[in-house]
There are 2 protein chains.
Amino acid sequence: MSRVEGKLLGMSLRHALLGLLVDHPASGYDLLKTFDTSLANVWPATQSQIYGELAKLADAGLIVVSEQGPRGRKEYTLTDPGLAELRRWLTETEPQRTTRSDVLLRVFFLGVLTPRQARDYLDGQAAHAAELHANLEALDDSIDWDDDDLSVYGRIALEYGRRFAAMQRDWARWALTQVKSK
Amino acid sequence: MSRVEGKLLGMSLRHALLGLLVDHPASGYDLLKTFDTSLANVWPATQSQIYGELAKLADAGLIVVSEQGPRGRKEYTLTDPGLAELRRWLTETEPQRTTRSDVLLRVFFLGVLTPRQARDYLDGQAAHAAELHANLEALDDSIDWDDDDLSVYGRIALEYGRRFAAMQRDWARWALTQVKSK
DNA sequence: AGCAACATGTAAGGAGTTACATGATTAG
DNA sequence: CTAATCATGTAACTCCTTACATGTTGCT
């Protein structure tokens with residue numbers, strides 16, 4: 001009985017947790033901090049979700065409680081099957097590319113607004129993207145990247161965000177010219 | 001009693017349906033086709049979800065069944081409150097920007113693979129993005145854009161997809177050089 | 001002593017997916 | 001006649017969010 005074979009649906013939170021436990025053991029609380037900071041823009045997760053998923057992962061033997069601390073703190077460590085599962089996910093499964101875009105969905109319906117209102121929307125998007133881009137540039141500059149794995153892949157991830165923000169900013173500015181010309 | 005004030009959480013499917021009903025009445029079946037084709041890459045939705053949401057929208061008075069056809073077909077028409085709600089959503093609410101990216105999440109953990117495997121992953125992403133980009137360029141070329149609202153905003157949406165695909169392709173190719181240099 | 005931070009857990013409900021279930025109509 | 005398409009509805013389950021609930025520890 002009991003969760004014999006967890007079906008392999010999305011479940012990326014599961015793999016995010018496994019991935020974060022590769023380098024060092026951590027508690028749910030520690031992991032929550034990571035989700036709220038460095039992973040916030042890639043895979044947001046709530047406290048509730050994290051504690052629940054950690055329990056399931058422990059249940060499945062992919063992680064174990066390796067140490068208990070004060071205040072009921074439980075430090076989890078990745079097991080060999082856990083690492084194997086992480087590798088399997090990375091090499092044998094295709095990333096879901098079904099990204100819903102609220103920003104873009106709205107564009108489809110801007111025709112129901114006045115051109116003025118539509119431009120306000122696009123202008124807001126441009127401003128937001130420009131701000132994000134500036135923040136990411138500043139962040140990039142502030143980090144002293146060396147060439148260990150964490151730095152290499154961390155930097156690649158940050159560069160994705162930087163390019164994405166720039167693309168959105170430029171697209172929104174271009175879109176403004178299309179609406180203005182009407 | 002009964003859904004007095006639907007709390008304004010995400011609920012973008014609701015607004016997508018309202019938006020699609022602006023130009024002309026349609027049935028759940030018609031709308032499903034639209035979600036499977038033109039909206040598939042922006043806001044995917046299943047048959048199950050669509051029928052359920054249409055029932056709720058009708059219940060809330062934002063749409064009405066304006067005509068019944070063969071096979072129990074129900075054609076829905078947008079009401080004035082429905083159009084007002086669509087405009088409110090467009091002008092008074094901020095788009096959710098919490099986009100989870102499965103592609104990017106994996107990048108964070110590529111360090112657990114061999115450089116060869118990591119490169120395979122990035123190479124796959126580059127290939128996929130390049131293919132998508134080519135398809136969107138072809139689609140853009142095949143459409144005879146005029147300058148009505150649908151064309152203007154449809155083209156702006158398509159251009160977003162085109163630029164996004166190009167960005168992903170170029171990023172993945174750049175990332176490959178970063179991993180190779182190790 | 002008191003407050004901020006540490007630390008975990010559960011309940012209720014919204015949103016999305018897959019699968020099941022059923023039937024009518026039309027084109028060949 | 002029969003297969004493809006049209007057409008709707010529901011059930012079960014996962015995932016995610018918000019909110020509630022509770023208690024400990026360290027610092028000043």
Side-chain angles (χ1 to χ4, degrees), chain A residues 2-17 25-37 39-40 42-60 63 65 67-76 96-102 105, chain B residues 2-17 25-37 39-40 42-60 63 65 67-76 96-102 105:
Chain A
S2 82
R3 74 183 81 260
V4 180
E5 294 276 6
K7 286 299 171 66
L8 54 136
L9 300 160
M11 291 201 297
S12 291
L13 172 63
R14 160 166 304 202
H15 298 103
L17 290 168
S27 68
Y29 193 84
D30 295 336
L31 293 164
L32 176 61
K33 296 297 155 189
T34 307
F35 275 92
D36 284 348
T37 54
L39 238 53
V42 173
W43 206 270
T46 60
Q47 176 258 15
S48 188
Q49 234 185 318
I50 290 169
Y51 283 110
E53 195 61 37
L54 284 172
K56 284 187 204 158
L57 285 167
D59 209 49
I63 60 176
V65 176
E67 199 188 315
Q68 310 232 12
R71 284 169 291 229
R73 175 188 174 91
K74 292 189 230 170
E75 240 176 36
Y76 292 96
Q96 282 276 121
R97 248 170 298 258
T98 15
T99 34
R100 290 185 166 78
S101 168
D102 200 347
L105 178 62
Chain B
S2 81
R3 72 185 83 260
V4 180
E5 293 276 9
K7 287 300 171 67
L8 54 137
L9 300 162
M11 290 202 297
S12 291
L13 172 64
R14 158 165 308 202
H15 298 102
L17 290 167
S27 68
Y29 193 83
D30 295 338
L31 294 164
L32 176 61
K33 297 296 156 190
T34 307
F35 275 92
D36 283 348
T37 56
L39 237 54
V42 173
W43 206 270
T46 60
Q47 178 258 16
S48 187
Q49 234 185 318
I50 291 168
Y51 284 110
E53 194 62 37
L54 284 171
K56 284 186 206 161
L57 285 166
D59 209 49
I63 60 176
V65 176
E67 199 188 318
Q68 310 232 12
R71 284 170 289 231
R73 176 189 173 91
K74 293 189 231 171
E75 239 175 39
Y76 292 97
Q96 281 277 122
R97 248 170 297 259
T98 15
T99 35
R100 290 185 166 79
S101 169
D102 201 347
L105 178 62

Quick one: is [N] close enough that its OP1 or OP2 comes under 4.0 Å of any side-chain N or O from [X]?
X       : N      : value
A:Arg71 : D:dG23 : no
A:Gln49 : D:dC15 : no
B:Tyr51 : D:dT8  : yes
B:Lys74 : D:dG9  : yes
A:Arg73 : C:dG9  : no

Can you measure [X] atom [atom1] to [N] atom [atom2] for me and round it to whole angstrom units?
X        : N      : atom1 : atom2 : value
A:Gln47  : C:dG9  : CD    : C1'   : 8 Å
A:Glu75  : C:dA7  : CD    : P     : 9 Å
A:Arg14  : D:dT14 : CZ    : P     : 11 Å
B:Gln96  : C:dG14 : CD    : P     : 16 Å
A:Tyr29  : D:dT25 : OH    : P     : 15 Å
B:Asp102 : C:dG16 : CG    : P     : 17 Å
B:Gln68  : C:dG23 : CD    : C1'   : 16 Å
B:Glu53  : D:dT8  : CD    : C1'   : 16 Å

(message) Keeping A:Asp30 on the side-chain end and A:Ser27 on the backbone end, is there a donor-acceptor pair under 3.5 Å?
(response)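 Checking the backbone N and O of A:Ser27 against the side chain of A:Asp30, a donor-acceptor pair under 3.5 Å is found.
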
Flag the pair [X] / [Y] as yes when at least one side-chain heavy-atom distance between them is below 4.5 Å, and no otherwise.
X        : Y       : value
A:Leu17  : A:Phe35 : yes
B:Thr99  : A:Thr99 : no
B:Arg100 : A:Leu13 : no

(request) Return the 5'-most residue of the pair A:Pro70, A:Ser48 with respect to DNA chain C, ranking by each residue's nearest nucleotide. (result) A:Pro70

(request) Provide the closest heavy-atom pair for A:Tyr76 versus A:Ala58 in the form atom of the first, atom of the second, distance. (result) CE2-CB, 4.2 Å

